[in-house]
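Only one structure is covered here, and it is reproduced in the block below.
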Amino acid sequence: NFTYSINLDGRQYVAGVALNPSAENETHDDWVMFSELSQPDIIPITNYIAIPDMQGGEIKGLAKLIGDLVVFQSKGIYRLSIPSADPFSWSLSESEANIGCIAPDSIVEHDAGIFFAGNDNYYHLGANFQAIPVTQTIRDVYQGISNLEDTRAIIDVKKNRLLCKFGDSNATV
């Protein structure tokens with residue numbers, strides 16, 4: 001009962017967790033839970049990492065960046081180094097509190113980086129954890145698009161390019 005998941009070093013990491021999906025639903029928008037080693041379908045209730053965002057953002061997605069787990073929240077990005085043998089000894093490697101992700105379907109891993117949509121720009125997060133805006137030349141157009149939460153992106157592997165649909169427009173890619 002989760003919204004986002006990713007496999008990393010033999011474990012499944014999930015976010016957007018609902019512990020008791022019933023009338024008394026207990027949700028945790030700032031938890032990342034993880035499975036037992038080599039058992040991705042077994043996620044004990046005690047296996048969690050709380051990622052409290054001081055600005056109140058919820059987790060919008062997960063990705064891998066050079067062996068680390070990247071947690072995208074609506075108001076921040078966090079890079080966690082998690083040893084595969086003992087995930088409880090995780091550490092926060094880097095964080096970017098001023099840039100967040102607003103569209104879960106915009107998160108795309110490619111080569112040694114991750115693309116994602118923020119409030120003010122579409123970004124590329126490189127191996128050095130620097131979020132570089134890729135829509136700087138069309139920033140006014142990007143910010144003028146309605147419903148940026150509906151932004152989607154995919155990688156065209158044949159032509160090695162990123163295809164984006166900003167907002168809810170079906171006419172422009």
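Numbering of residues begins at 1 and proceeds along the displayed sequence.
Considering all non-hydrogen atoms of both residues, Leu148 and Asn119 come closest at CD1-O, 3.9 Å. Across every non-hydrogen atom of Tyr122 and Ser106, the tightest pair is OH-O, 2.8 Å. Contact between Ala15 and Val32 at its shortest, heavy atoms only, is CB-CG2, 4.4 Å. Annotation for Ile66 and Arg79: closest pair CB-NH2, 4.1 Å, computed over non-hydrogen atoms. Residues Asp68 and Leu8 come closest through the heavy atom pair C-CD2, 4.1 Å. Counting all heavy atoms, side chain and backbone alike, Leu65 lies closest to Ala112 at CD1-O, 3.6 Å.
Between Trp31 and Tyr48, the angle of the ring planes stays under 30°, which puts this pair in the parallel group of the 30/60° scheme.
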Derivation and outcome, side chain to side chain contact (heavy atoms under 4.5 Å, CB included), residues Lys60 and Asp29: CA-CA 9 Å; Lys60 294 291 188 174; Asp29 291 333; over 6 Å; no
Check against side chain to side chain contact (heavy atoms under 4.5 Å, CB included), Ile99 and Ile77: CA-CA 7 Å; Ile99 300 173; Ile77 307 166; 4.1 Å; yes
Audit row: Phe34, Trp90, side chain to side chain contact (heavy atoms under 4.5 Å, CB included) steps and yes/no: CA-CA 12 Å; Phe34 53 92; Trp90 65 275; over 6 Å; no
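Separating the OH atom in Tyr78 from the CD1 atom in Ile51 is a distance of 8.5 Å, to the nearest 0.5 Å. One finds the OG1 atom of Thr135 at 3.5 Å from the CG atom of Asn121 (value rounded to the nearest 0.5 Å). Rounding to the nearest 0.5 Å gives a distance of 4.5 Å between CG of Asp156 and CZ of Arg161. The line from SG of Cys101 to CD of Glu58 is 10.5 Å long, rounded to the nearest 0.5 Å. Distance check: Gln136 CD to Asp120 CG gives 8.5 Å after rounding to the nearest 0.5 Å. To the nearest 0.5 Å, the span separating CG on Asp105 from CD on Glu149 amounts to 12.0 Å.
Aromatic rings from Phe72 and Phe116 are positioned such that their centres are separated by under 6.0 Å. Between Tyr123 and Phe115, the ring center distance fails the sub-6.0 Å criterion.
The hydrophobic cluster containing Ile82 does not contain Val70, counting ILVMFWY residues as joined when their side-chain heavy atoms lie under 4.5 angstrom apart, directly or transitively. One hydrophobic cluster holds both Tyr4 and Leu69 under the rule that ILVMFWY side chains link at heavy-atom gaps under 4.5 Å. In the hydrophobic clustering of ILVMFWY residues, with side-chain heavy atoms under 4.5 Å counting as a link, Leu92 and Phe129 come out apart. Hydrophobic cluster membership is shared by Ile145 and Val134, with clusters built from Ile, Leu, Val, Met, Phe, Trp and Tyr side chains linked at under 4.5 angstrom. Val157 and Leu162 fall within a single hydrophobic cluster, where Ile, Leu, Val, Met, Phe, Trp and Tyr are joined by side-chain heavy atoms under 4.5 Å apart, directly or via other members.
Leu62 pairs with exactly one of Thr3, Leu80, Val14, Ile6 by the side-chain contact (heavy atoms from CB on, under 4.5 Å) rule, that one being Ile6.
Residues His110 and Asn160 have side chains in contact (heavy-atom distance under 4.5 Å, counting atoms from C-beta outward). Residues Ile154 and Val108 fail the side-chain proximity criterion, which asks for heavy atoms closer than 4.5 Å. Considering only heavy atoms from C-beta on, Gln73 comes within 4.5 Å of Asp30 through its side chain. Contact annotation: the side chain of Tyr13 never approaches that of Ser35 to less than 4.5 Å [non-hydrogen atoms, C-beta and beyond]. Looking only at side-chain heavy atoms (C-beta outward), His124 and Ile114 stay at 4.5 Å or farther from each other.
Between the side chain of Arg152 and the backbone N or O of Cys164, no donor-acceptor pair lies under 3.5 Å. Side-chain atoms of Asp111 do not come within 3.5 Å of backbone N or O of Gly113 as any donor-acceptor pair.
Looking at Glu36 and Asn47, their side chains do bring a donor and an acceptor atom within 3.5 Å of each other.
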